[in-house]
Peer 1: 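The structure is given below, and queries will be raised subsequently.
Here is the naming used below: chain letters follow the sequence lines, and residue numbers restart at 1 for every chain. This one's a predicted model, so the numbers in the text were calculated from it and none came from an experiment.
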Number of protein chains: 2
Amino acid sequence: MDTRERLIESTRELLWERGYVGTSPKAIQQRAGAGQGSMYHHFAGKPDLALAAVRRSAEEMRAKAEGELSGPGTAYERIETYLLREREILRGCPVGRLTQDPDVIADPLLRRPLEETFGWLRERLARVLAEGRERGELASGLDPVATAATIVATLQGGYVLARAAASVEPFEFAIKGVLGLLAAQTTPSA
Amino acid sequence: MDTRERLIESTRELLWERGYVGTSPKAIQQRAGAGQGSMYHHFAGKPDLALAAVRRSAEEMRAKAEGELSGPGTAYERIETYLLREREILRGCPVGRLTQDPDVIADPLLRRPLEETFGWLRERLARVLAEGRERGELASGLDPVATAATIVATLQGGYVLARAAASVEPFEFAIKGVLGLLAAQTTPSA
DNA sequence: GTCTATAATCGGATAGAC
DNA sequence: GTCTATCCGATTATAGAC
């Protein structure tokens, strides 16, 4: 891995652990094993490097979700696969985390990857739910767009509850709860 | 409002806007209209002042929720009242926000109010749901503890989605979605 | 491309006058 | 109780040598 690459990966880790405000160029350089000159040669500064890191994390999150949601099975099964995927719960979501960072939200360039990722995810889940409804797997009264938002929010909020409790338990309850509510929407014959 | 009080209130605002890492003693003093000596007279330092601020925000959040959840109506109605209460959505949750702050989570004293608040809230909601089930208002298959976690997570995750989108829309969808799923658990005769 | 040196500003706090 | 002065390290760069 070359220096530029190590700088991006180190930044991704630090943004995940400490957020944008809590991450200094010096910390990035030390973790990447690079000098200051090296960093400022490859990137214009902290925001530029953060942008490269955020874009990559967003793309990674999207690719994982797409793999699970486009797999085989019923709508419920695909959503279950997505929700029950192994996660580093106490570390939180590397993308969702950044929504709490005022400097990220204030910068349109840095916020855009967050907006695109969660926008895409809600749409993708809504499509899965709509398909399930059309195929008769899910109750006709189910609202795909609203329910998709609920599913994504449950995940993101689950991380919040887990970190508050310093335990994965509330995260797992939240997922279990939303899956239970969704299971009640599946038709017996499907 | 005396100086000590203004320091606490200024800290509450800044923790809400910028988090713990992003809030400096200097910024607190300026917003409170107090000098440095004044702040260090009333509080031992930044962590001590933050603790006072976090405790107050947590208590406020709890008191509001208790008011709504202990009101009249069915279990569904009380939860609906709680979820549809007016909120400053794009500002996020002043308590949940802090779960993303590594220095808060790492300090047991600072994390405790978060743990207590969300722990209490999940229990309180679980009690409302269990009561509803016992009274025959809610389906007997509903899991109170898991569903309570889902409801709190939907709120907290809704804030995440709203900030990512710079719009209240995804928050409102998430709430609408969870209320729809919960409404499907209500018994027709109740 | 990468390094070291330098610098202006901020962060978090202490000391002591008033 | 509140103020100003001071301190030391961290932050976020820029300059220029190699």
Side-chain angles (χ1 to χ4, degrees), chain A residues 1-56 97-98 100-111, chain B residues 1-56 97-98 100-111:
Chain A
M1 200 159 46
D2 66 7
T3 300
R4 186 190 151 84
E5 197 59 22
R6 287 203 314 279
L7 283 165
I8 294 176
E9 288 302 314
S10 299
T11 304
R12 293 217 297 151
E13 290 173 20
L14 283 163
L15 286 180
W16 194 0
E17 292 167 20
R18 306 198 42 83
Y20 184 83
V21 172
T23 296
S24 69
K26 186 175 186 175
I28 293 169
Q29 293 149 23
Q30 285 177 342
R31 186 169 298 211
Q36 304 199 13
S38 191
M39 176 185 138
Y40 285 102
H41 170 73
H42 290 291
F43 298 96
K46 177 176 164 176
D48 186 37
L49 177 46
L51 183 58
V54 171
R55 282 180 172 158
R56 183 172 296 181
R97 213 234 100 99
L98 300 169
Q100 302 305 316
D101 228 308
D103 292 5
V104 170
I105 293 305
D107 182 339
L109 222 53
L110 279 173
R111 186 177 63 78
Chain B
M1 198 160 47
D2 66 7
T3 299
R4 187 190 151 83
E5 197 60 23
R6 287 203 315 278
L7 283 165
I8 293 176
E9 288 302 315
S10 299
T11 304
R12 293 217 299 152
E13 290 173 19
L14 283 163
L15 287 180
W16 194 1
E17 291 168 20
R18 305 199 42 84
Y20 184 82
V21 173
T23 295
S24 68
K26 187 173 184 175
I28 293 169
Q29 293 150 22
Q30 286 177 343
R31 187 168 297 210
Q36 303 199 15
S38 191
M39 175 185 137
Y40 285 100
H41 170 74
H42 290 289
F43 299 95
K46 177 177 164 177
D48 185 38
L49 177 46
L51 183 58
V54 171
R55 282 179 171 158
R56 183 172 297 182
R97 213 234 102 97
L98 299 169
Q100 301 306 313
D101 230 306
D103 293 4
V104 170
I105 294 304
D107 183 340
L109 222 53
L110 279 173
R111 188 177 63 77

Peer 1: Going by the rule side-chain hydrogen bond (donor to acceptor under 3.5 Å, both in side chains), which residues pair with B:Glu13 if we only count those two or more places apart in sequence or in a different chain?
Peer 2: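 B:Glu13: side-chain hydrogen bond (donor to acceptor under 3.5 Å, both in side chains) contacts with B:Arg31.
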Peer 1: Donor-acceptor pairs are to be reported for all side-chain atoms of residues 34-50 of chain A against protein atoms at under 3.5 Å, with residues two or more places apart or in another chain.
Peer 2:
{"unit_1": "A:Lys46", "atom_1": "NZ", "unit_2": "A:Tyr20", "atom_2": "O", "d": "2.9"}
{"unit_1": "A:Lys46", "atom_1": "NZ", "unit_2": "A:Thr23", "atom_2": "O", "d": "2.8"}
{"unit_1": "A:Asp48", "atom_1": "OD2", "unit_2": "A:Ala44", "atom_2": "N", "d": "3.0"}

Peer 1: Rounded to the nearest angstrom, tell me the gap between atom CD in A:Gln29 and atom C1' in D:dT12.
Peer 2: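 Computing the A:Gln29:CD to D:dT12:C1' distance gives 9 Å.
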Peer 1: Let me have a per-nucleotide readout for nucleotides 11-18 of chain C, 5' to 3', with B, S or -, counting only protein heavy atoms under 4.0 Å.
Peer 2: SSBB----
Peer 1: Rounded to the nearest angstrom, tell me the gap between atom CZ in B:Phe43 and atom P in D:dG1.
Peer 2: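 Atom-to-atom, B:Phe43 to D:dG1, this comes out as 13 Å.
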Peer 1: Between C:dG1 atom C1' and A:Glu5 atom CD, what is the distance in whole Å?
Peer 2: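 Whole-Å distance recorded here is 16 Å.
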Peer 1: State which residues pass side-chain hydrogen bond (donor to acceptor under 3.5 Å, both in side chains) with A:Arg111; sequence neighbours excluded, sorted by chain then number.
Peer 2: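 With sequence neighbours excluded, A:Arg111 shows a side-chain hydrogen bond (donor to acceptor under 3.5 Å, both in side chains) to A:Glu115, given in chain and number order.
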Peer 1: Rounded to the nearest angstrom, tell me the gap between atom CD in B:Gln30 and atom P in D:dT4.
Peer 2: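 Taking atom P of D:dT4 as the reference, CD of B:Gln30 is at 12 Å.
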Peer 1: Let me confirm one number: the CG-CG distance from B:Asp101 to B:Leu15, rounded to the nearest 0.5 Å.
Peer 2: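 Rounded to the nearest 0.5 Å, the CG-CG separation comes out at 8.0 Å.
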Peer 1: Measure CG/B:Asp103 against C1'/D:dA10 and give the value in whole Å, please.
Peer 2: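 These atoms are roughly 14 Å apart.
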Peer 1: What residues, two or more places apart in sequence or in another chain, satisfy salt bridge (Lys or Arg N to Asp or Glu O under 4.0 Å) together with A:Arg55?
Peer 2: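 Listed in chain order: nothing, the list is empty.
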Peer 1: The criterion is side-chain contact (heavy atoms from CB on, under 4.5 Å); which residues satisfy it with B:Arg12, sequence neighbours excluded?
Peer 2: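 Here the qualifying residues are B:Ile8, B:Glu9, B:Ala53, B:Arg56, B:Ser57, B:Glu60.
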Peer 1: Has B:Thr3 got a side-chain N or O lying under 4.0 Å from the OP1 or OP2 atom of D:dG1?
Peer 2: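 For D:dG1, OP1/OP2 do not have a side-chain N/O of B:Thr3 under 4.0 Å.
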Peer 1: Between D:dC3 and B:His41, is there an OP1 or OP2 to side-chain N/O distance shorter than 4.0 Å?
Peer 2: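 Answer is no, no contact under 4.0 Å.
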Peer 1: How close or far is atom P of D:dG1 from atom CZ of B:Arg4, stated in whole angstroms?
Peer 2: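 Taking atom P of D:dG1 as the reference, CZ of B:Arg4 is at 11 Å.
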Peer 1: Just how far, in rounded Å, is P of C:dG1 from CE of A:Met1?
Peer 2: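 Whole-Å distance recorded here is 18 Å.
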